[in-house]
Structure formats: structure tokens, C-alpha cells
Amino acid sequence: MAKNYDFKDVEHKWNKFWEEEGIYLFDNTSKKKTYAIDTPPPTVSGAMHLGHAFSYSHEDFIARYQRMKQKNVFFPFGTDDNGLPTERLVEKLKSVKSTEMDREKFVKLCQDTVTDIRPKFIQDWKNIGMSCNFNQSYSTIDNHSIKTSQLLFIDLHKKGLVYQKSAPTMWCVKCQTAIAQAELEDENFNSTFNDIIFKVGKKDLIIATTRPELIPACVCIYVNPDDNRYKDIIGKKAEIPLFEYKVPIFTDESVDMQKGSGAMMICSYGDKYDVEAIAKRKLEPRVVIEKNGILNHFADKYKGMNIKDARKAILDDLEKHSLLISKKPIQHVVNVHDKCGTEIEFLSSKQWFVKILENKKKLIKSADKITWYPEFMKTRYVNWVEALEWDWCISRQRAYGVPFPIWYCNKCGKEIFAEEKQLPLFPSKAKPLKKCSCGSDNFVAEQDVMDTWATSSLSPQIVCNFINSEEYNINFGNVYPMSLRPQAHDIIRTWAFYTIVRGLYHHNKEPWENIMISGHVLDPKGKKMSKSKGNVVEPQKIVQTYGADSLRFWAANATLGKDLSYKEEDVKNALRTITKLLNASNFAFMHLNDFKNKKVELEIIDKGILSKFNELIKECTKSFDGYEYSKSKMLTEMFFWSQVCDNYLEIAKDRLYNPDKRGEDSRKSAQYVLYQLMLGVIKLFAPIMPYITEEIYQSHFVKLEKDKSIHISKWPEYEKNLKDEIAEKTWDKFVEILSFVRQEKAKKNVSLVTEVKLIITKQDKLLLAECLDDLKAVCKAKEINYGDEVKVEF
RNA sequence: GAGCCUAUGGCGCAGCGGUAGCGCAACACGUUUACACCGUGUAGGUCGCCGGUUCGAAUCCGGCUGGGCUCACCA
């Protein structure tokens, strides 16, 4: 059987069984304690990647462990399938451009596409053995989620925690939407640092810039008040090269005299510094870049060019007019949009913001009310919150997302919020229930949609059924706050942070008791996996080749929060353990035909290993309770391999095969221990390797155990009265002598079945008095004699 | 520039105050009635460097160096 273990068949068989039998269903009528997991909804794409397989395995270990601890595990599954990532996916799959399409048609296309690919995408999660409540799966754009998101947006408004403001905001000219600080990424670019001549009267004022295309956006010049070079021009006006208008020259202490020429142009808007300077001086901005990245009338003859072309044209013209002194090549780091890699701009636009900055302290305090695994990840959260400089911009000028439940009065401009009974709502297809206070009933719908994070940050409210829709039948207050948020570390600043914000703002309570952070998967050399490097490993291929248990067994090697290098060898190794489990249980049940699970008088050596196994249970339970599944896995693996297989099975053989010689009682004792050890080991492995453990459980144990599946059976419990120090000591000494004999035989290059004479000390004899027959048999000793030291004679 | 993590046999990792462990790889031997997808054994590390605390440090503290992640700067 072992040789032909067909994991594909086995995995398929048990997946079907679990689903049909409803093994993982969440029972909301149960009196058991609930353990609720705030599962990350993965962004729908073509396929699951290895990083997903890695961290979702980790959370499934915990879910399965808690289920075996007889908790009522609530383990919902959702997908995140709207917003920019989805739009980009649809554009790619369908070869369309949202900006060139009718919005309604594009939205429909998005819905259809996602509906189409979602089942196959979710199948990847089922294939790695996730024990989620797939029957209760949600999407962040289904009606339930839209309603939750809109209702809680209105709640934010009622509480004064959200505001609309027209201000310079971070903007992506490619995606043509505002973005939030959390969506910034750094990228290194080659550029030039250009020294350009501005005229002040007849004098030359040199200004260094990397962004010459923003010269027509310049509204003033800054120099440091202590900078002697520029004392004489302060208060005068500088003439803008090529564009022939003048701007004032101000002093400001924030100017770094060492940088560039010490004089800088303030443009609308080059960066956050510009935004602040223009606001501080109350200057009239000249916003030269339009939302699509094209320069406007402020750019005169460069109007209609994109940023890159304008930069080149302006530099060329400056050079022609001898206004460009130098063009030094530099490499500098620029903020780009994480979704498309485009350099971000600052454009003035009207956006919705959730207040963050005024509540930083409270948000930081929240970190202490949640237990972080591992603890140092809390620091990342705290650092991020401390460093925040912008409120959370949640509006996006995109097509496919949760709409804002808002209209504006065409007469007086007042904003009208939808009423709760209207939700979920598409404002363009509905009207406010009442007239505007100005008497008008002419409204225009808000066109923007919400950022996906504005909805996925409500995953606890969505899955715990805050709004009480029929699709979910969970009482919110009973499940919220949830027990655990599992996620990877890259989204602490987004998902974890935003979920905490929403928890505090809506319920004045942190959303979960615990948060468990996984690391990332690296390639065998410890480098990030990326398509461009060609070092990407697909989890479904691993599942095909080595099985889901092997993939999971490998993933269980990772300690929390730490990255792990992927090595195929390690996955292969998992298969070894699976085979070993099969062989060992086959051996055990060869000898358990007549076994009735009844307690019998145990031999001392059997008491010894049971006592040790009892300690293992204690350690594994402790590890799992602290989310250290890797420790539990390692300890179980070591115990199974070296104590159970290498030693106990060998020791027990004589009694199992020769009851006539050794006595029926000694065989019964071995049977009992064999049964307990094998059952215990597969239970300890069950959260990690659900298929092979179920296979063994169902082929052998289910006859005597009452549980329908190992995954709802009881996690082994530490039993105080099994502790037997003398028996353990006996076991240790026994194994020590056995190892010594093996060593001696290896030295002589003889087979382990070679018969020998064994000499042990009188002290050892005392300790081993009750198991000398076992020792004799397993060492193939013709006789055991006593001397001053342990010896083997051939 | 700042914060966090990290440095342990060839490789991947555990250990986190009591004189180094696991898996892979290597080597030798062994077919032994669960298993050659095997067994037994051997070899291989003064735990990055310097200092401190301690009876005692891979383990705690400080500094340095290297690696990684994150944030900031970005005229």
C-alpha cells in the first residue's frame, strides 16, 4: 500500500467526504465556545501563489487545532474582487481599457469576469486543504458587503469621522485616481539634476531641479534666511525661464542650504513640501498637470504633452536659450503607485477622507489591546501609525467598487446621504427619499467609488453579520471581536491598520483578540520570488507533484513572522514522513486485529514511552496555544520518527510476534501502547497534514473511535497520572544500551540481526529488571551478563 | 537618515542563561518478518566580530560589520 500511496485519490476522496458530511460547518446553534477567524479575502486573480499557500496553511493549522480542541470554529472565506486590482485584471484578461469604455458596460464586464473565474480561483484554496466555511463565502462586492460598507460609511459620517475636502492629494495619472499613503511604494529611477537659470533683474539665480516640466507650475522661490548668497534678492521677483512670468522670492528656514543651489522653486505640486508651502503662503496655484498626466494651458506651447515628453522638450529649449547650466545624471528614489509603478503627482481634487491623524494616539494604544504573534510585529504597526502624515483617502475615481451612498443637490450643492433602508444603493440608479432642504428635488449622484480597503477593512463586520441580512445568521455581538486575525506582514499598514480603525470608530473595540503574522516565501537563495526573476514556484504544481499534505508540512517549518526559503527537497522530505506514517500504522494494525480498546496492565517500558508521549502532548498543546505550530510539528516529527519508529516498534516486535514465548499479557500491553501512540501521533499531525491523517484514521481507527472524522475528534490531552519518572528513566537507559549495541555492530560492519553477548552493569540490571527480555530480543543478545561496564561481545 | 528583524556545521532551519541540535546533502556499513520513499552508524560548527553582565552566554546588555524588511528623504 505504501508504495502506491496515491495522494491525488486520497485528497480527492476526503475533500468530498468532508464537504458532504459538513465536517467543517460552523454551527451557530452550538453551545461550544466560538473561535472566530478573520480570514483574509484574497484578491481574485488567475491563481493562488506560493505566498498564499504558505500563510493560509498557517491559519488552517490553527483552525484545525481549535476545532479539535472542541471549539466551534468560525472560519469564513471571502474574496476581494473589486477596485483597481480587479479592474486591471479584467482589462488584461479582456484586452479592454476602462477609460475608453462605457462605465456601466465595464462594470458589467468586471462582474461577469469575476463570476467566471472565481470558482476556479477558490478551488486552489480547497486544494490545499483549507477547512474554511466555503458555503458561507462572501465577496467584498456582493450586496451584503456593499450594504455593510455603505452603512458603516454613513456611521462614520454621523460620528464626524469622515469628511470631504478639495485639496492637493496623491494622484496616479495612469490609473487616474486619488490614492492613499499606504499605496505608495519606493522605486529607484535614473534622472537628471538640472541647474537652471532664473533671472532676478539682470542677475542669474540658479535653481536645481529634477522636474523641469514643473517650471510653468512654479509659484514662488524659497531660500534660507541665513543664506548670504541670496540676501540681496529677498523680496524681489524672479522671472520664470521660458514662461515669462514673475514669482516672489521668500525665505524659509526649512530650506537646506547645502542642497542643490540652496534656492528652490515651489511648484503646484511637486511634492508634499510644495503643497504645504503653497498653503502656508496662500499662493494661487498653477496646477499644470491634468488628471490624465497631460500638461494644460499653463504650459503654453508644451500644452498637450505628457510629463515625460514635456520634461525633455523643456530641457531642450532651456539648453537652446542657454538657460541650462548643467544636467547631472542621478539616481533617486521616487514614490510610485503600488498597483502600476507610476510616479505619483499631487493634484487638487475633491476627495473623501477618514480622519486618522487626530486619533493616532488612540490607534497606537489599540496595539496593546491585541496580542501580536510574533510580538515584534506590533512595532511595525506602531511605527507606521506614528509616521502617518495624511488622513485616509477612501474615494477613488474608478469604475468598479462600492459606490458612495450620496447625492448632491443640483441647486444648493448640499450632500444628501442615503437612508439605511435604501442600502445597498447605487446612487446613479436611485434618488433620495426626500427633497433637499432647499426645496429642490434635482440631484446628481456621487460618481466616485470607495477604495477596496474601505470595504475589506470591514471583514469582521461583514462576516459577523453586523447588518443582519438573511445571508448570514450570526449574532454580531457573540462573535465580535473575533478571536484571530491571520495575515502576512506586508499588509499590516493597510489591512490590519484599517481594520483596527474601523473597529474603534464603529464599535469602540479592537476587532480581534489575537493577530498572527506570517512571513513570506523566498526562493532557495533567499531572494524574493517575482515573475521578472523567473523564480516563481506555483503551489498547484507542488500539490500535483507532492500532494497538499507535503506542501503544508513544508509550510509548517516556518516560525511565525519569519520568511522561509522554498526548497523542493524539503517538500520531498514531507512525503517521506507520510510514507513512514502509512507503514508504521500498517505495521501496528497487522497486530491489532483482536484489539479492544481496553486498559490493561502495562509493562514498564510501555509506561515509559507513554509517559514521554504524554509530555509531548503537553508541549504540542502549549505550542499550538501560542500559535507556534512549527514547534509542535517539529516535536511530533522527532518523537514519531526516533522514539516510535526507530525504537518502540522494534522493541515491541518480540512481544507482538511471540506471545507464546513472552505471554499474552505482554502482547496486550504492547498492543495498547501501539494503538495509543499511533492514534496520538496522527492526531498531533492532523492540523498540519489533514489528508494522510484522515486516511489512516478512517482505515484503522474509526472502528473503535466514535468520531466521524479525525478533524472533529478530540485533541490529545495531557494526563497527570500517566507521568511516570521511573518508567521514563528505564526507557532512557534501555534506549541508551540499544544505541550502544547498534553502534558496536556498525563498527564491526555486521548486520543488526547478528547475535551477540551483551554485558551490562549491575546498576543497569536493577533498573531494567522488568524488561530484560525485551532488551535481549531487540539487541539479538544470546545472553545478558553483568560486569563493570556495558560491553558487546561477538 | 530612522525603526524593526537577522547572522548557529556545505545548504535550509531549531535552540534564546547551564558546557551545541534537527532535516537535507556527504561518507561507511547493513536487505533486519512495517518501511530501500529503508535501517544503523560516521564525519562536519570555538553559534559574524569586539567588549560587558554573570559562578556560567549561541542565549542578556553595548558597540562594530554583513544580510533582509519597512519608513523617510526625494528642491
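Since the structure is predicted, the reported quantities are computational estimates derived from the model, not experimental observations.
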Considering only B/rC69, B/rA75, B/rG68, which nucleotide approaches the side chain of A/K528 most closely? B/rC69

Over all strands shown, is A/E650 touching base, sugar-phosphate only, or nothing at heavy-atom distances under 4.0 angstrom? base

Applying a 4.0 Å non-hydrogen cut-off, can you work out what A/W641 is touching in the nucleic acid: base, sugar-phosphate, or nothing? sugar-phosphate

Using the C1' atom on both, measure B/rC69 against B/rA14 and round to a whole Å. 22 Å

Base, sugar-phosphate alone, or nothing: which one does A/C645 contact when heavy atoms must sit under 4.0 Å apart? base

State the pairing partner of B/rC60; accept Watson-Crick or G-U wobble contacts with both distances under 3.5 Å, and report none otherwise. B/rG52

For the aromatic rings, using the six-membered ring if either is Trp, is the centroid distance between A/F589 and A/F701 under 6.0 Å? yes

Take atom C1' in B/rC35 and the same atom in B/rG17, then report the distance between them in whole Å. 42 Å

Among B/rG12, B/rC69, B/rA72, the one nearest any side-chain atom of A/S565 is B/rG12

A/K567 has its side chain closest, among B/rG23, B/rA75, B/rC37, to B/rG23

Could a donor-acceptor pair under 3.5 angstrom be found where the side chain of A/T379 meets the base of B/rC4? no

Find the distance A/N573:CG to B/rC24:P and express it as a whole number of Å. 5 Å

What I want to find out is whether A/D227 reaches A/R229 closely enough, with some N-O distance under 4.0 Å, to be called a salt bridge. yes

Residue mapping more 5' on RNA chain B - nearest nucleotide basis, A/K272 or A/M638: A/M638

Sugar-phosphate only, base, or nothing, as touched by A/D256 at under 4.0 Å among non-hydrogen atoms: base

With both distances under 3.5 angstrom, what nucleotide forms a Watson-Crick or G-U wobble pair with B/rC69? B/rG3

Let's test this: given Watson-Crick or G-U wobble pairing with both distances under 3.5 Å, identify the partner of B/rC47. none

Tightest non-hydrogen contact, residues A/L677 and A/Y648, listed as CD1-CD2, 4.0 Å

Any A/Q181 side-chain nitrogen or oxygen under 4.0 Å from OP1 or OP2 of B/rA72: yes

